A.B. asks: 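Here it is, the structure, as structure tokens.
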Amino acid sequence: MNDNSDTFTQLKRIADALERLAPPPPRATQLDEADAFIWHAQPEGLEPVHKVNRIEVSLLKGIETQRETLLENTRRFAKGLPANNALLWGARGTGKSSLVKAVHAAINEELPHILALVEIHREDIPTLPRLLTLLRSSSRHVLLFCDDLSFDTADESYKSLKAVLEGGVEGRPTNVVFYATSNRRHLMSRDMIENERSTAIHPGETTEEKVSLSDRFGLWLGFHNLDQATFFAIIEGYAEAFGLPIATPDLHAQALEWSMGRGARSGRVAWQFIQDLAGRLGKTLG
């Protein structure tokens with residue numbers, strides 16, 4: 001009898017120790033906890049983001065056509081109407097990810113709490129099917145967002161993304177739309193596509209498979225480098241919105257010197273200049 005009791009006690013201690021060592025289960029996050037979330041693959045779960053790092057949509061200058069197109073597509077989706085997946089491609093720092101976050105906020109101002117933004121990191125794309133299973137069960141409309149999406153040689157995760165976007169048995173959930181930003185129009189590097197063309201038994205078919213990934217996005221929006229007049233318009237818009245006390249000629253001169261030092265004119269460079277200027281003027285950007 002004592003032997004059985006001792007064995008039971010030892011087994012219980014082992015079970016308790018294993019339970020303490022086991023990783024905690026993912027927290028069951030409901031999509032009504034916030035308007036924005038980040039998807040984590042390890043452990044799987046949605047982390048609420050209560051304050052999104054974003055810029056007001058009205059301050060995004062030089063991309064008015066892209067802005068209005070994405071706003072209308074997102075507005076239709078939020079109202080339960082047909083809408084397309086969107087690929088925002090082009091030069092770095094031209095406002096692609098800023099536009100996605102600004103559009104999400106603008107739609108929620110029009111229709112409060114109608115749209116959840118869920119960001120999935122590039123490296124977590126292989127877990128996308130499991131995330132969609134979770135989102136499919138929600139009654140809320142979800143804007144699924146991946147920033148800086150691209151694929152390199154030997155990266156096979158693009159196949160799961162391709163199937164999920166349109167071609168899978170279940171397809172994309174009706175309550176989810178997928179927006180991605182990329183520096184590459186076809187999401188693949190030119191070297192990757194050319195390598196497949198030169199080594200494949202049927203090069204045309206293989207290349208077509210890779211390029212066709214971007215075709216799964218019904219909406220393509222291109223972003224390009226700014227001319228000087230548009231760059232100044234962006235700077236002026238920021239300065240006015242944040243009440244920065246500086247004369248326009250001085251603003252232009254300092255902005256021009258800043259852009260020449262960076263060797264580029266873009267929305268990102270404009271925002272970095274405004275942060276520097278505000279700091280020197282003792283002003284906050286809150």
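Remember, it's a predicted structure, so these values are computed and weren't measured experimentally.
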A.B. asks: Shortest non-hydrogen contact from Leu87 to Ser182?
C.D. replies: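 The answer is CD1-CB, 4.2 Å.
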A.B. asks: Starting from Val118, can I reach Ile125 by hopping between I/L/V/M/F/W/Y residues whose side chains sit under 4.5 Å apart?
C.D. replies: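 Per the 4.5 Å side-chain linkage, Ile125 and Val118 are co-clustered.
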A.B. asks: Report the C-alpha distance between Ile107 and Phe77 in whole Å, list the side-chain angles of each, state the deciding distance to 0.1 Å, and finish with yes or no for side-chain contact (heavy atoms from CB on, under 4.5 Å).
C.D. replies: CA-CA 10 Å; Ile107 296 301; Phe77 170 68; over 6 Å; no
A.B. asks: State the CD1-CG distance between Ile246 and Leu277, to the nearest 0.5 angstrom.
C.D. replies: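 Rounded to the nearest 0.5 Å, the CD1-CG separation comes out at 5.0 Å.
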A.B. asks: Looking at Leu134, is its backbone amide N or carbonyl O close enough to the side chain of Ser138 to form a donor-acceptor pair, meaning the two atoms are under 3.5 Å apart?
C.D. replies: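 No; judged by distance alone, with no hydrogens or angles, the pair does not exist.
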A.B. asks: Judged by atom type as modelled, is there a donor-acceptor pair below 3.5 Å linking the side chain of Thr181 to the main-chain atoms of Asp148?
C.D. replies: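 Here the side-chain-to-backbone pair exists.
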A.B. asks: Do Ile274 and Ile234 pass the side-chain contact (heavy atoms from CB on, under 4.5 Å) test, and can you show the C-alpha distance, the side-chain angles, and the key distance before you say yes or no?
C.D. replies: CA-CA 10 Å; Ile274 287 295; Ile234 294 173; over 6 Å; no
A.B. asks: Supply the atom-to-atom distance Glu119 CD to Ile38 CD1, rounded to the nearest 0.5 angstrom.
C.D. replies: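 Reported value, rounded in 0.5 Å steps: 5.5 Å.
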A.B. asks: Just by modelled atom types, is the Asn53 backbone N or O under 3.5 Å from a matching donor or acceptor in the Lys101 side chain?
C.D. replies: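 Yes, because the side chain of Lys101 sits within donor-acceptor range (under 3.5 Å) of the backbone of Asn53.
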A.B. asks: Roughly how far, to the nearest 0.5 Å, is CZ of Phe37 from CG of Leu135?
C.D. replies: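 So the CG of Leu135 and the CZ of Phe37 are separated by 10.0 Å.
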A.B. asks: Using modelled atom types only, decide if a donor and an acceptor are shared between the side chain of Ser259 and the backbone of Leu256 within a distance under 3.5 Å.
C.D. replies: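 Yes; at least one donor-acceptor contact below 3.5 Å.
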A.B. asks: Consider only side-chain heavy atoms of I, L, V, M, F, W and Y, link residues closer than 4.5 Å, and tell whether Leu88 and Phe178 are in one cluster.
C.D. replies: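 The answer is no; the residues belong to distinct hydrophobic clusters.
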A.B. asks: Can Thr65 and Arg67 be said to form a side-chain contact (heavy atoms from CB on, under 4.5 Å), step by step?
C.D. replies: CA-CA 5 Å; Thr65 299; Arg67 181 183 68 194; over 6 Å; no
A.B. asks: What's the shortest heavy-atom distance between Leu143 and His104, and which atoms?
C.D. replies: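 Minimum heavy-atom separation between Leu143 and His104: CD1-CB, 4.4 Å.
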A.B. asks: Just by modelled atom types, is the Ser139 backbone N or O under 3.5 Å from a matching donor or acceptor in the Asn175 side chain?
C.D. replies: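 Not a single qualifying donor-acceptor pair exists.
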A.B. asks: Do Arg184 side-chain atoms and Trp89 backbone N/O form a donor-acceptor pair below 3.5 Å?
C.D. replies: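 Checking the backbone N and O of Trp89 against the side chain of Arg184, no donor-acceptor pair under 3.5 Å is found.
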A.B. asks: Using the test salt bridge (Lys or Arg N to Asp or Glu O under 4.0 Å), find all partners of Asp124 that sit at least two apart in sequence or belong to another chain.
C.D. replies: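 Partners of Asp124 under the salt bridge (Lys or Arg N to Asp or Glu O under 4.0 Å) test: none.
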A.B. asks: What's the shortest heavy-atom distance between Ser97 and Asp147, and which atoms?
C.D. replies: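 Closest heavy-atom pair between Ser97 and Asp147: CB-OD1, 3.5 Å.
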A.B. asks: Test of understanding: clusters of I, L, V, M, F, W, Y form through side-chain heavy atoms closer than 4.5 Å, transitively. Do Trp258 and Leu285 belong to the same one?
C.D. replies: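 In one cluster: yes.
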A.B. asks: If you measure from CG on Leu281 to CG on Asp276, what distance do you get to the nearest 0.5 Å?
C.D. replies: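 Interatomic distance, Leu281 CG to Asp276 CG, rounded to 0.5 Å: 9.5 Å.
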A.B. asks: Supply the atom-to-atom distance Glu64 CD to Gln66 CD, rounded to the nearest 0.5 angstrom.
C.D. replies: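 CD of Gln66 is found 8.0 Å from CD of Glu64.
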A.B. asks: Please determine whether side chain to side chain donor-acceptor pair (under 3.5 Å) holds for the pair Asn84 and Tyr179, giving the CA-CA distance in whole Å, both sets of side-chain angles, and the decisive distance to 0.1 Å.
C.D. replies: CA-CA 9 Å; Asn84 277 308; Tyr179 287 1; over 6 Å; no
A.B. asks: For the residue pair Gly267 and Leu226, what are the closest heavy atoms and their distance?
C.D. replies: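 Residues Gly267 and Leu226, closest heavy atoms: N-CD1, 3.8 Å.
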A.B. asks: Taking only distance into account, with no hydrogens and no angle test, what donor-acceptor pairs under 3.5 Å do side-chain atoms of residues 247-254 form with protein atoms, sequence neighbours excluded?
C.D. replies:
from   : atom 1 : to     : atom 2 : distance (Å)
His252 : NE2    : Glu236 : OE2    : 2.5
Gln254 : OE1    : Arg280 : NH1    : 3.1
Gln254 : OE1    : Arg280 : NH2    : 2.9

A.B. asks: Is there a side-chain contact between Leu59 and Tyr238, using heavy atoms and a 4.5 Å cut-off?
C.D. replies: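 Side-chain contact under 4.5 Å: yes.
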A.B. asks: Other residues, nucleotides and ligands only: do more than 12 of their heavy atoms fall within 6.0 Å of CD on Glu123?
C.D. replies: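 Yes, because the 6.0 Å sphere around CD of Glu123 holds more than 12 heavy atoms from other groups.
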A.B. asks: Could you tell me whether Glu109 atom CD has more than 12 heavy atoms of other residues or ligands within 6.0 Å of it?
C.D. replies: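 Atom CD in Glu109 is packed in, count exceeds 12.
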A.B. asks: Which value, rounded to the nearest 0.5 Å, describes the distance between Glu240 atom CD and Ile235 atom CD1?
C.D. replies: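 It comes to 13.5 Å.
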A.B. asks: Are Leu117 and Leu111 connected into the same hydrophobic cluster when the rule is that any two of I, L, V, M, F, W, Y join if their side-chain heavy atoms are below 4.5 Å apart?
C.D. replies: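 Yes, same cluster.
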A.B. asks: Who pairs with Arg130 by salt bridge (Lys or Arg N to Asp or Glu O under 4.0 Å), at least two apart in sequence or on another chain?
C.D. replies: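 With neighbours one apart ignored, the set is Glu44.
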A.B. asks: With the 4.5 Å side-chain cut-off for hydrophobic clustering, are Ile114 and Val103 part of the same group?
C.D. replies: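 Ile114 and Val103: one cluster.
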A.B. asks: Sort and list the pairs that fulfil salt bridge (charged side-chain N to carboxylate O under 4.0 Å, His left out) and have at least one residue in residues 71-94, not counting sequence neighbours.
C.D. replies: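 Only Glu72-Arg75, Glu72-Arg76, Arg75-Glu110 qualify under salt bridge (charged side-chain N to carboxylate O under 4.0 Å, His left out).
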A.B. asks: Please find the pair of heavy atoms, one from Ala255 and one from Phe273, that lie closest to each other, and give the distance.
C.D. replies: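 Looks like N-CZ, 3.6 Å.
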A.B. asks: Among side-chain atoms of Trp271 and Ser98, is any donor-acceptor pair under 3.5 angstrom?
C.D. replies: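 There is no such pair (donor and acceptor under 3.5 Å, judged by atom type) between the side chains of Trp271 and Ser98.
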A.B. asks: Could you tell me which residues satisfy salt bridge (Lys or Arg N to Asp or Glu O under 4.0 Å) with Glu257, sequence neighbours excluded, listed by chain and number?
C.D. replies: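 Not a single residue meets the salt bridge (Lys or Arg N to Asp or Glu O under 4.0 Å) criterion with Glu257.
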A.B. asks: Side chains of Asn108 and His113 only: does a donor on one sit below 3.5 Å from an acceptor on the other?
C.D. replies: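 No, His113 and Asn108 have no side-chain donor paired with an acceptor closer than 3.5 Å.
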A.B. asks: Report yes if the side chains of Leu131 and Ile120 come closer than 4.5 Å at any heavy-atom pair, otherwise no.
C.D. replies: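 Yes; the side chains approach each other to less than 4.5 Å.
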A.B. asks: Kindly indicate whether the side chain of Val49, heavy atoms from C-beta on, has any atom under 4.5 Å from the side chain of Lys51.
C.D. replies: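 SC-SC contact between Val49 and Lys51 ruled out.
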A.B. asks: Which ILVMFWY residues are connected to Leu81, directly or by a chain of links, through side-chain heavy atoms under 4.5 Å apart?
C.D. replies: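 Reading the cluster by chain and number, Leu81 sits alone, since nothing else belongs.
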A.B. asks: So, for Phe223 and Leu99, which heavy atoms are closest and what is the spacing to 0.1 Å?
C.D. replies: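 Looking at all heavy atoms of both residues, the shortest contact is CZ-CD2, 3.7 Å.
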A.B. asks: Could you give me the CA-CA distance, side-chain angles and deciding distance for Asp35 and Arg140, then say whether side-chain contact (heavy atoms from CB on, under 4.5 Å) is met?
C.D. replies: CA-CA 10 Å; Asp35 281 336; Arg140 196 170 185 194; 2.3 Å; yes
A.B. asks: So do the side chains of Leu219 and Asn85 get within less than 4.5 Å of each other, counting heavy atoms only?
C.D. replies: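 SC-SC contact between Leu219 and Asn85 ruled out.
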A.B. asks: With a 4.5 Å heavy-atom cut-off, do Thr127 and Trp39 have their side chains touching?
C.D. replies: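 Side-chain contact under 4.5 Å: yes.
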